[in-house]
Amino acid sequence: MAFLSDSLKRIKPSATIAATQKARDLKAAGVDVIGLGAGEPDFDTPDNIKAAAIAAIQRGETKYTDVGGIPELKKAIAAKFKRENGLDYTPAQCFVAPGGKPIIFNAMAATLNPGDEVVIPAPYWVSYPDIVALLGGTPVFAAAGMETNFKLQPEALEKAITPKTKWFIFNSPSNPTGAAYTADELKKLTDVLLRHPHVWILSDDMYEHLSYDGFKFATPAEVEPKLYDRTLTMNGVSKAYSMTGWRIGYCAGPLELIKAMTTVQSQSTSNPTSISQWAAVEALNGPQDFIPERAESFKARRDLVVSMLNQAKGLKCPTPEGAFYVYPSCAGCIGKTTPKGKLIGNDQDFVEALLEEEGVAVVHGEAFGLSPFFRISYATSTEALTKACERIQRFCASLQ
């Protein structure tokens, strides 16, 4: 009898975490590496949020809390959804977890049965299909390639839906491409979903506040209120508030689903960290003026990276509307050979050779479900990005 679970065979380690860890290991060994794999803002958590956490500690807010979050945070979440998205939720419909990933995990664990299908646009965040597969569901991929600016078209969504479909996972602005859907583009997708009342929607809005060039964010239940009763809208404090290590994700949705997710969490992680929850209250209720300022910094970095990558031989990099990623094609480099004699047969070969020969760590596109591409996170300094892109240009020019 095997010791490890059969379900473990259905998943693989996170490629983004693996790339980040490899860069860390090489740096620790003294190698000059620029890591562009982590989806983590380089800005610090704002001081008022830190102060709220310190005050919570000093007040003794260090005990267990309600499994799904403290009342004060649920109230702040409901107010946020009303203020920014026009969505009416009661605090009882709001749920807090130790990060965004557990929101998805809890929702899938609470609803999936063997044979249930989950439609996921590709390219996708690496964890979506593995969470679905781990919990007994079947990921079904709907292609959204560069020819559509990485945006899922309604015809592709319609084709992917079957009587077995239980969920549609939607992410805008997108990880890994940065593509963001306008309200009109989103309405075309929600029109399809209206025709399939058995399909629920999980809208991952984690990058809501990181959009550029005047883009106006929209979320499915806001665009189509008729989907409200079968939509779980999730977000978190990690990206906009630079709170990745604080581990707070949140969502709101139908009460029956929220209760089921609470039951799952009660037998897994239990409550999110009490101190982080109080910090998140301040994040959502406190000053928001720093967010557009930081977004402007990200936009400048995006423009720099897109320009420099498009000057690299064999690369083609679209300009994304949001998040802090670019997803360039390396199709023009496939079939070529590095100065050290390595054949570039696919995007994984490309990123491995780039790391070995130039010390730049990125993530290969196959991990996100679409090749031959690779993902760069530009959530780091302009100096590091400039140096990294110069190395990428030099690497691409060296291929024969």
Side-chain angles (χ1 to χ4, degrees), residues 11-27 31 33-42 100-101 120-131 139 141 143-146 150 171 173-179 204 206-207 210 238-239 244 298 301-302 305-306 308-309 312 314-318 320 322-334 338 342 344-380 384-385 387-389 391-393 395-396:
I11 66 171
K12 53 189 178 297
S14 167
T16 54
I17 293 176
T20 303
Q21 188 58 50
K22 188 170 185 178
R24 287 174 181 156
D25 292 343
L26 287 171
K27 283 183 179 180
V31 180
V33 173
I34 302 173
L36 303 180
E40 181 172 50
D42 59 322
K101 196 176 294 186
I120 303 170
Y124 45 73
W125 181 44
V126 294
S127 293
Y128 293 147
D130 284 294
I131 290 173
F141 303 115
M146 193 161 66
F150 302 117
N171 177 216
S174 161
N175 177 2
T177 68
D204 182 349
M206 196 64 69
Y207 298 91
L210 299 176
S238 60
K239 312 301 182 181
T244 51
F298 282 129
R301 297 174 185 182
R302 177 204 65 175
V305 171
V306 169
M308 293 189 72
L309 291 179
L315 301 187
K316 184 176 181 180
C317 184
F324 38 63
Y325 309 106
V326 292
Y327 200 65
S329 167
C330 57
C333 299
I334 303 301
T338 73
K342 179 173 181 177
I344 305 297
N346 52 43
D347 50 43
Q348 185 164 1
D349 292 338
F350 178 89
V351 303
E352 288 177 353
L354 178 63
L355 179 59
E356 291 168 5
E357 302 200 12
E358 289 290 351
V360 177
V362 298
V363 187
H364 62 290
E366 187 273 335
F368 302 101
L370 186 66
S371 296
F373 295 84
F374 61 99
R375 191 194 78 171
I376 282 178
S377 168
Y378 53 85
T380 190
L385 291 170
K387 186 181 297 185
C389 288
R391 293 183 184 186
I392 293 171
Q393 290 175 346
F395 174 74
C396 291

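Note that the numbering runs from 1 along the sequence shown for the chain.
Checking side-chain atoms of Lys12 against main-chain N and O of Asp130 turns up no donor-acceptor pair under 3.5 Å. Checked by atom type and distance alone, the side chain of Asp349 never pairs as donor or acceptor with a backbone atom of Val351 at under 3.5 Å. A donor-acceptor pair under 3.5 Å links the side-chain atoms of Arg375 to the main chain of Gly37, judged by distance alone. Although no hydrogens or angles enter the test, the distance criterion places a donor-acceptor pair under 3.5 Å between the side chain of Ser377 and the main chain of Ala38.
Rounding to the nearest 0.5 Å gives a distance of 9.0 Å between OH of Tyr325 and CH2 of Trp125. Interatomic distance, Glu358 CD to Thr338 OG1, rounded to the nearest 0.5 Å: 11.0 Å. Here the straight-line distance linking atom CD of Gln393 with atom CG of Leu309 works out to 7.5 Å at 0.5 Å rounding. Rounding to the nearest 0.5 Å gives a distance of 6.5 Å between CZ of Arg301 and CG of Leu385.
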What's the verdict on side chain to side chain contact (heavy atoms under 4.5 Å, CB included) for Leu36 and Val305, showing C-alpha distance, side-chain angles and the deciding distance?
-> CA-CA 11 Å; Leu36 303 180; Val305 171; over 6 Å; no

Is there a side chain to side chain contact (heavy atoms under 4.5 Å, CB included) between Glu357 and Phe395 once you walk through the steps?
-> CA-CA 8 Å; Glu357 302 200 12; Phe395 174 74; 4.3 Å; yes

After noting the C-alpha distance and the side-chain angles of Phe368 and Val126, does the key distance pass the side chain to side chain contact (heavy atoms under 4.5 Å, CB included) rule?
-> CA-CA 5 Å; Phe368 302 101; Val126 294; 3.6 Å; yes

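Checked options Tyr378, Phe374, Tyr124, Phe373; the residue passing with Tyr327 is Phe373 (criterion: ring-ring contact (aromatic ring centres under 6.0 Å, His included)). Of the residues Val362, Val31, Val33, the one that meets the side-chain contact (heavy atoms from CB on, under 4.5 Å) test with Leu355 is Val33.
Residues Ala323 and Ser174 share a closest heavy-atom pair of CB-O, 3.7 Å. For Ile344 against Ala353, the heavy-atom pair with the smallest separation is CD1-CB, 3.9 Å. Summarising the geometry of Gly369 relative to Ala122, their closest heavy-atom pair is O-CB, 4.0 Å, with the distance given to 0.1 Å. When all heavy atoms are compared, the tightest approach of Asp347 to Leu370 is OD2-O, 4.3 Å. Here the closest non-hydrogen pair linking Lys239 and Met206 is CG-CG, 3.7 Å. Across all their heavy atoms, Ser371 and Gly365 have their closest contact at OG-C, 4.1 Å.
Salt bridge annotation for Lys342-Glu352: present, with a cationic side-chain nitrogen under 4.0 angstrom from a carboxylate oxygen.
A 4.5 Å side-chain heavy-atom check between Thr380 and Ile34 finds every atom pair outside the cut-off. Between Pro320 and Thr177, the closest side-chain pair of non-hydrogen atoms is not below 4.5 Å. Between Phe324 and Pro173 there is no side-chain heavy-atom pair separated by less than 4.5 Å. Considering only heavy atoms from C-beta on, Asp204 stays 4.5 Å or farther from Asn175 through its side chain. Proximity of Pro372 to Phe350: side-chain heavy atoms (C-beta onward) are nowhere separated by under 4.5 Å.
For an aromatic pair to be called close, the ring centres must be under 6.0 Å apart, and Phe298 with Tyr207 fails this.
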